[in-house]
Amino acid sequence: MKLRLLILITVFSTGIFAQNDFPYGKIKVRNFTSKDYSATAQNWDIIQNNDHFFYVANNGGVLEFNGENWTKIELNNTEHPRSFDKDDSGRIYVGGRGEFGYMDHNATGKTIYTKISSQVDSLDFSDVWQVYCMGEHTYFISSSYIFIHFEDNTEAVPVPDTVRIKASVRLDDLLICTFEGVTNNSYVLRGNKFFPVQNSFGLDPVILFEENGKKILINNDGAFYEFQQNGSAYQFVMQTDRKLNIGAGFEINDINIHNNLIVAGTAGNGVLVFNMKGELIRTFMEKDGLENLEIRKIYFDQYNNTWLCNDNGITFIETSDAITSFDKDFGITGITEDIYLNDEKIYLATHTDIFESSITPGELNFIKKDVFGMEVYQIREFTFTDGKKFALVVANDAVYYLDQNFKKQWIGDIYAWDLYQSKKDPNRIYVGLDGSDGAGLGSIIYQDGTFSYEGNFPNTSGEVRSVVELNGNVYYSVKKDGIFKLDTTRAQEKNKLPGLIISKDTTVLYAQFSLGVYNNEVWVGTTNGLYKIADDKLVRTDNICDGVFAKENLLIHRFYNDNEEKLWMVMFHNSDTKDEYSEIGYFEKKDGEFVWTSAPFKQMTDDVIYSIRKGENGMYWFAGGRKVYAYNSNHSANFDMPFKVLFTRFH
């Protein structure tokens, strides 16, 4: 969800990466402090009503957030609210210190609190730490009483004098309470009576959920138990094959199971995200933007964003965004120009060397390989006719290949821009040369496990930025000159494709060109819009995608074809002017028409994207000048639902 100040906008969401709301990398985080909402720092619970307003149980009262403004609503006795739940009609019930009630609206639409605990005012029950709406009944859990509210009546169920309720969990119509005192066991509440649960001594349950037909409880130390019932007999059986690793000395305050992930808020250790096997996927700590690590409550809004109540404010994590990023905090130094995905590893070609991904519990970082010790511009894997695969690398001083031990092996002192494997002859790699000593288009040949450089083709020259092949024809671009078809039998100028249109209203020439193949056509990116090749001529594409590419000073910087599904582009509008801005997106063919999509990628537009790669499970990787970005295309997207929210700064 893209969130901006005081405006109604359209919202979207967005092997190595799990398909979930918590991939590795940085996610936008916003911390609301007491200065933002004008109340005390400590918060206990959070919920949304059916209109998507937020309500927060703050020590100073119930906080209402409508997306623009915070409003404080006090309980009748001005004491602290502690807990919420919402019934099937959408009514929000509130548990507080010494009272409970629900949120309502008066005749003018203002939100008000209505007390319903008057019938039990004579009882001393202190804090209501949990509220459970269970069918037509609402349960308010305090340490000494459980209050069951139905219609206009409230029944008080006292706990034995020698104990107090320390924790409670529910699942459907099952309510389990843990007593602390003479006994430290758990009990099931049936009607208004408590029935003991065997093997429950010392447990402090956090959540009860159903899994494969079984009722599973997670304790505050991360242990799993199966809840079993035989008539009126109940027991817990520990699952010895899984446990959440929350760290020594820490406890879990809250758990929310979301999209087959266990998201745990801890007492002082931030947020820990596990898969359903109990394996740690990632963490959220100070370096991720959290200002307080004492997490009281975890809540997911209607867009799957994450909200945290903590001891020093409220934290918003934009997990609806399908894009995360990596920078120097993850070990990357230098501009990243290319990305190589190999099995379960990610390799980055940067201006300092090659970096390799490294996964430790809860984190993905990048480690410098110390292979080249210089700028690396391109790394591409090619499969040859003998079935062998090699990664070829364009470095600052030469072109190399990487052997099975990831050691560099010299191919030639080739100063290159681009490597492209021939479709007609897969053992040939075309090389776009950098223009020194005449340069032009070169060729590397693979044979019997070795590489050799043949030199440059006759009648080719200039700085060749990109090379493609289609239907046996090879096309290459020369900076500040044009697009050429490879034909070594005649002078290069004779092979130049006609059709570039120079407007009389501009002095901007076609300084750069990029080439891409998609939909069995060659597409040409220029500094004045998008062309394609037809009958060996350059043809403008002003009529596709509602004229998105029919602009002067529009630099098409890069193409990427992701296996014929989409043609990605990196573009710069108003190129080389003070009003320059970038756009990243793709077009695809739907119902015979090309459709352009760029909205989900706006957070990358203040960066320069040098290459795009598609990995497994719908993950895309973007190599940028400032960061490396990952985009999960499987992430649910919503372009239709507007939501008015106030966010002005992110960590």
Side-chain angles (χ1 to χ4, degrees), residues 14-29 244-247 258-264 266 269-290 306 317-350 352-371 376 379 391 406 603-604 607 609-635 651:
T14 70
I16 294 172
F17 257 59
Q19 294 180 25
N20 58 62
D21 288 335
F22 297 96
Y24 299 111
K26 288 186 177 179
I27 301 176
K28 292 180 181 177
V29 173
L244 305 182
N245 179 19
I246 62 173
H258 186 75
N259 289 346
N260 291 319
L261 292 172
I262 299 170
V263 186
T266 68
N269 202 26
V271 176
L272 308 178
V273 184
F274 304 86
N275 61 23
M276 296 305 294
K277 296 179 181 179
E279 298 167 338
L280 182 64
I281 292 177
R282 75 158 294 164
T283 63
F284 286 94
M285 306 288 283
E286 294 103 326
K287 70 179 181 64
D288 303 295
L290 269 62
T306 309
I317 306 175
E318 194 181 355
T319 45
S320 68
D321 196 336
I323 295 175
T324 57
S325 62
F326 302 82
D327 55 19
K328 59 183 177 58
D329 292 338
F330 296 84
I332 304 170
T333 59
I335 293 173
T336 301
E337 290 223 19
D338 206 358
I339 296 175
Y340 169 43
L341 306 176
N342 181 21
D343 296 328
E344 294 189 353
K345 290 289 187 179
I346 307 163
Y347 296 96
L348 308 178
T350 80
T352 55
D353 210 318
I354 287 180
F355 287 75
E356 181 184 70
S357 62
S358 174
I359 296 179
T360 56
E363 289 188 326
L364 183 151
N365 291 292
F366 290 89
I367 299 173
K368 190 175 180 181
K369 292 288 289 181
D370 292 323
V371 178
V376 179
I379 178 169
F406 215 83
Q603 71 166 276
M604 293 187 286
D607 204 346
I609 302 301
Y610 292 98
S611 66
I612 304 171
R613 296 289 177 262
K614 184 179 181 181
E616 299 295 327
N617 302 323
M619 294 303 306
Y620 290 82
W621 291 85
F622 300 79
R626 297 192 303 109
K627 298 179 181 180
V628 172
Y629 303 86
Y631 165 63
N632 184 355
S633 64
N634 297 299
H635 202 295
H651 291 274

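Computed over heavy atoms, backbone and side chain alike; hydrogens, waters and symmetry mates excluded.
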Distance-minimising heavy-atom pair for [X] and [Y]:
X    : Y    : result
F355 : T333 : CZ-OG1, 3.3 Å
M604 : I323 : CE-CD1, 4.1 Å
L244 : G278 : CD2-CA, 3.7 Å
A264 : F274 : CB-CE1, 4.2 Å
M285 : N269 : SD-O, 3.2 Å
F622 : I339 : C-CD1, 3.7 Å

- Less than 4.0 Å between a side-chain N and a carboxylate O, is that true for D329 and K26? yes

- Might you work through the side chain to side chain contact (heavy atoms under 4.5 Å, CB included) test for V263 and V271, ending with a clear yes or no? CA-CA 7 Å; V263 186; V271 176; 3.7 Å; yes

- Flag yes if more than 12 heavy atoms outside K328 fall under 6.0 Å of its NZ atom; otherwise flag no. no

- Query: Crowded around N275 CG? As in, over 12 foreign heavy atoms under 6.0 Å?
  - Reply: yes

Has the side chain of [X] got a donor or acceptor atom that lies under 3.5 Å from a matching backbone atom of [Y]?
X    : Y    : value
D338 : S611 : no
S633 : G618 : yes
N259 : L261 : no
D343 : K345 : no

Nearest 0.5 angstrom please: [X] [atom1] to [Y] [atom2], how far?
X    : Y    : atom1 : atom2 : value
D353 : D370 : CG    : CG    : 6.0 Å
T336 : Y629 : OG1   : OH    : 10.0 Å
F406 : E356 : CZ    : CD    : 6.5 Å
R282 : I359 : CZ    : CD1   : 12.0 Å
E363 : L280 : CD    : CG    : 9.0 Å
K277 : I262 : NZ    : CD1   : 12.5 Å

- Have a look at R626 and tell me which of D607, I335, I332 forms a side-chain contact (heavy atoms from CB on, under 4.5 Å) with it. D607

Does [X] reach the side chain of [Y], with side-chain heavy atoms less than 4.5 Å apart?
X    : Y    : result
Q603 : K627 : no
I346 : L341 : yes
F284 : T306 : no
L272 : I246 : yes
L364 : F366 : yes

- F330 ring center within less than 6.0 Å of Y24 ring center: no

- Item | Within the 6.0 Å centroid threshold, strictly below: Y340 and Y347 | yes

